[in-house]
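Working notes for the structure below.
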Amino acid sequence: MVTKLWRRRKDAEPGAVGPLDSTRIPLHIAIIMDGNGRWAQKRGLPRTFGHKAGAEVLREILTDAAEIGVKVLTAYAFSTENWRRPSEEVSFLMELFSTYLDNEVDRLVEKQVRLRFIGNRQRLGAELQRRIESAEQKTAQGTGIELNLAVDYGGRAEIVHAARTLAQDVLDKQLCIDEIDEAQLAKRLFTGNQPDPDLLIRPGGDMRISNFLLWQLAYAELWVTDTLWPDFTPRHFRQAIFAYQQRERRFGGLKTSK
Ligand code: FPP
């Protein structure tokens, strides 16, 4: 018994990787793309170089996720708190999102990726908002992996937004107070009818959620690595999925089999 437990923990350590079980691929993976600034600074480069490198890594991981059979990938690109960063860094990131849309949208359409921006887009520039809407429209028929890019996103703000929508629906007599339940709130989140993330991956070593998908991550498995996001490779991604597959998910219940 002791040996079995020990073995399970060891397999689950970051670093171990083996063949993936195709019957237990996480449907939804969330990623906090952290460590860009440190990656650049370690190389004596401005932090923005790290963000640019991070955008390339996202492209690679999206391709791998689709290949593995993941259905939804949600990537944290800019939080509601990131506006506090120096204005040059914020402007650079906004420009990077715009350029990404310009350069990537045709490829996303070709690969059947369905793109959504989640977050409060009113604070983004008019041109970026226009590109977001256009990219979402162009990819709306995509039948492959769904990519949620969280920009000006905060989990608390998202829950407040959903609560306001519920209140409005009650005022409009679309809903009775007694009908408010978890499902009613969940479908008013930006992730709507998508499944909750099964796995949260956090590069950069910090052991926190950082206001990301607070509602949706309730039962997600967490996987943290010290590797910085620009150094993150499909091998790390598969390590995370492999570790996930060794975990026993109980959702608050008890173990189902010996
Ligand atoms: C956190 O690292 C990262 C961000 C705030 C930006 C993430 C954005 C990208 C990876 C670019 C994604 C691009 C597109 C086009 C969607 P940090 O800067 O906090 O790093 P640090 O912890 O080392 O300072």
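Ligands are counted one by one from 1 in listed order, and the atoms in each one are counted from 1 as well.
Atoms of ligand 1 lying under 4.0 Å from at least one heavy atom of L149, given by number and element, are 16 (C). Proximity to D34 (heavy-atom distance under 4.0 Å) selects the following atoms of ligand 1: 1 (C), 2 (O), 17 (P), 19 (O), 20 (O), 21 (P), 22 (O). Ligand 1 places these atoms under 4.0 Å from at least one heavy atom of G37: 17 (P), 18 (O), 20 (O), 21 (P), 23 (O), 24 (O). Listed by atom number, the atoms of ligand 1 under 4.0 Å from N82 heavy atoms are 5 (C). Close contacts of ligand 1 with H51, meaning ligand atoms under 4.0 Å from a residue heavy atom, involve 4 (C), 6 (C), 11 (C), 18 (O). Heavy-atom proximity to L58, at under 4.0 Å, picks out these atoms of ligand 1: 16 (C).
Of the protein's heavy atoms, A55 CB, 3.6 Å lies nearest to atom 13 (C) of ligand 1. For atom 6 (C) of ligand 1, the closest heavy atom belonging to the protein is A77 O, 3.2 Å. Counting only heavy atoms of the protein, atom 3 (C) of ligand 1 lies nearest to M33 O, 3.2 Å. In terms of protein heavy atoms, atom 21 (P) of ligand 1 is closest to R38 NE, 3.6 Å. Remark: minimum distance from atom 10 (C) of ligand 1 to any protein heavy atom is reached at N36 ND2, 3.2 Å.
Salt-bridge annotation for E136 and K138: absent, with no side-chain N of the basic residue lying under 4.0 Å from a carboxylate O of the acidic one. Between R131 and E127 there is a salt bridge, with a side-chain nitrogen of the basic residue lying less than 4.0 Å from a carboxylate oxygen of the acidic one. The pair R114-E146 does not count as a salt bridge, with every side-chain nitrogen at least 4.0 angstrom from each carboxylate oxygen.
No donor-acceptor distance shorter than 3.5 angstrom exists from the side chain of R164 to the backbone of I159, with no hydrogens or angles considered. Although no hydrogens or angles enter the test, the distance criterion places no donor-acceptor pair under 3.5 Å between the side chain of R188 and the main chain of A183. A donor-acceptor pair under 3.5 Å links the side-chain atoms of Q246 to the main chain of F242, judged by distance alone. The backbone N or O of L199 sits nowhere less than 3.5 Å from a side-chain atom of E221 that would complete a donor-acceptor pair.
For the pair T139 and L147, the minimum side-chain heavy-atom distance is 4.5 Å or more.
Classification of the F212-Y76 ring pair by plane angle, with boundaries at 30° and 60°, yields parallel. Taking the six-membered ring where tryptophan is involved, the planes of H161 and F190 are essentially parallel, since the angle between them stays under 30° and well short of 60°.
At a 4.0 Å cut-off, at least one heavy atom of R85 sits close enough to ligand 1 to count as contact. Ligand 1 is approached by G35 to a heavy-atom distance shorter than 4.0 Å.
Comparing heavy-atom distances from atom 18 (O) of ligand 1 across E104, E95, R47 singles out R47 as nearest. For atom 14 (C) of ligand 1, the choice among F97, W39, F92, W229 with the nearest heavy atom turns out to be F97.
A cation-pi contact, defined as under 6.0 Å to the ring centre and within 45° of the axis, links R43 to W39.
An N or O contact shorter than 3.5 Å is missing between Y100 and ligand 1 by distance.
Counting heavy atoms closer than 4.0 Å to ligand 1, residue Q41 contributes nothing at all.
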